[in-house]
Amino acid sequence: MPIDQSKYTTFQQFLLNLLSLLTILPLAPYINRFMPIVQLGQWHIDLFLSILIAFLFTRLLLWVFKPLIIPAFVLVFGILVFNSFTGRYSFTNVLNDYQGMVQGNWGTRDNKQLDILSLYPRKVESYVDKTVRGIREKTNYQDSTVRNFAVTHSLAYFDEYWPKYGKIVRYLSLFKYIRENFKYVNDSQRDEYFATPMETIKNGLGGDCDDHSILMASCLQAIGARTRIVLIRGHAYPELYCGNEEDFETLKQAIALLFNNPPVKELYYHEMKGEYWINLDYSARHPGGRYLNDKVYALIEL
């Protein structure tokens with residue numbers, strides 16, 4: 001039996017229920033950080049379940065002793081205020097989580113790339129063998145400089161979402177850091193130069209598209225990802241292996257949540273025989289950006 005047997009005025013009831021709502025709103029996404037991914041078809045419902053858990057928790061407090069909602073409200077908001085000064089999960093994250101839920105379920109469209117990769121997944125059209133060989137020779141994920149760079153910047157962003165998404169946040173953090181700091185520099189007009197990832201790191205993240213691809217692919221592999229580089233007409237870009245369809249849905253949710261300013265409208269990807277790969281080109285501000293063209297010359301899995 002509840003111990004709250006006292007009577008409350010209508011106004012007091014209103015205030016207590018308002019505090020209950022204000023407790024639920026930030027508490028639900030905070031709980032959601034520690035919940036596993038829950039999908040119902042293509043719907044991501046883990047945040048909905050977190051809202052339900054937060055609602056049941058506050059109703060229990062009101063049922064046992066209504067004034068208990070007051071310290072619960074103060075505690076939740078106090079933690080978020082404290083976190084705002086320490087760089088941890090705060091009010092901004094709460095807002096981003098709700099926006100990500102809406103964007104991930106209703107606002108982001110998939111665009112499977114229909115190109116000749118579907119016919120010839122390994123090598124679809126003859127290309128200068130020197131280019132493929134040069135990229136393979138310069139890719140290096142075992143060097144200590146590459147490993148240390150990758151580990152450091154895989155921790156730069158999104159760490160508060162590690163309990164929910166695990167290694168995905170490390171990959172997305174590394175993408176974000178490289179994408180925001182890479183500076184395009186042309187090669188000589190006479191020669192094509194392929195820089196090792198160590199060179200690109202030491203020169204301040206400057207280079208052209210193949211240097212970016214080598215760097216991104218090498219760094220991601222240094223922290224356990226599977227990558228490949230796609231050569232297209234006039235360009236090269238790296239792709240990240242997502243896994244199967246379920247894994248891809250989880251990655252989509254993470255991208256929509258963590259890269260939601262502005263909201264992610266479309267995600268471009270390749271899929272063949274149940275394997276999903278997503279674009280990590282610097283030409284887009286988020287993973288899964290639009291492909292520049294579909295004239296594919298070579299596919300280099302590293």
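Because only heavy atoms are used, hydrogens play no part in the values below, and waters and symmetry mates are left out as well, while side chains stay in.
In this structure, Arg290 contributes its side chain and Ser283 its backbone to no donor-acceptor pair below 3.5 Å.
Under the 30°/60° scheme for interplanar angles, the aromatic rings of Tyr269 and Phe248 are found to be tilted. In this structure, Tyr177 and Tyr157 have tilted ring planes: the angle between them lies in the 30° to 60° band.
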Exercise answer: donor-acceptor pairs, residues 67-75 side-chain atoms, under 3.5 Å, sequence neighbours excluded:
none

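Applying the side-chain contact (heavy atoms from CB on, under 4.5 Å) criterion to Ile214, with sequence neighbours excluded, gives Ile135, Lys138, Thr139, Phe194, Pro197, Ser218, Ile229. For the salt bridge (Lys or Arg N to Asp or Glu O under 4.0 Å) test, no residue two or more places apart in sequence or in another chain qualifies with Asp208. Asp110 meets the salt bridge (Lys or Arg N to Asp or Glu O under 4.0 Å) test with Lys252; sequence neighbours excluded. By the salt bridge (Lys or Arg N to Asp or Glu O under 4.0 Å) test, Glu245 is found to be paired with no residue, residues two or more places apart in sequence or in another chain being considered. With sequence neighbours excluded, the residues satisfying side-chain contact (heavy atoms from CB on, under 4.5 Å) with Phe85 are Val81. Residues that satisfy the side chain to side chain donor-acceptor pair (under 3.5 Å) test with Tyr98, not counting sequence neighbours, are absent from this structure. Looking at residues two or more places apart in sequence or on another chain, you find no salt bridge (Lys or Arg N to Asp or Glu O under 4.0 Å) involving Arg59. For Thr152, there are no side-chain contact (heavy atoms from CB on, under 4.5 Å) partners two or more places apart in sequence or in a different chain.
Under a cutoff of 6.0 Å and an axis angle of 45°, Arg33 and Tyr30 form a cation-pi pair.
Residue Asn96 holds its CG atom at 7.5 Å from CG of Asn261, rounded to the nearest 0.5 Å.
Side-chain contact of Glu266 with Asn111: a donor-acceptor pair under 3.5 Å is present, judged by distance alone. Of the N and O atoms on the side chains of Asp281 and Tyr268, not one donor lies less than 3.5 Å from an acceptor on the other residue. When only modelled atom types and interatomic distance are considered, Thr196 and Glu137 share no side-chain donor-acceptor pair under 3.5 Å. For His212 and Tyr184, the side-chain atoms include no donor-acceptor pair closer than 3.5 Å.
Sorted by first and then second residue, the pairs that involve residues 165-184 and meet salt bridge (charged side-chain N to carboxylate O under 4.0 Å, His left out), not counting sequence neighbours, are Asp159-Arg170, Lys176-Glu180.
Cluster note: Leu95 groups with no other residue, as no ILVMFWY side-chain heavy atom lies under 4.5 Å from it. Alongside Tyr141, the hydrophobic cluster contains no other residue (criterion: ILVMFWY side chains under 4.5 Å).
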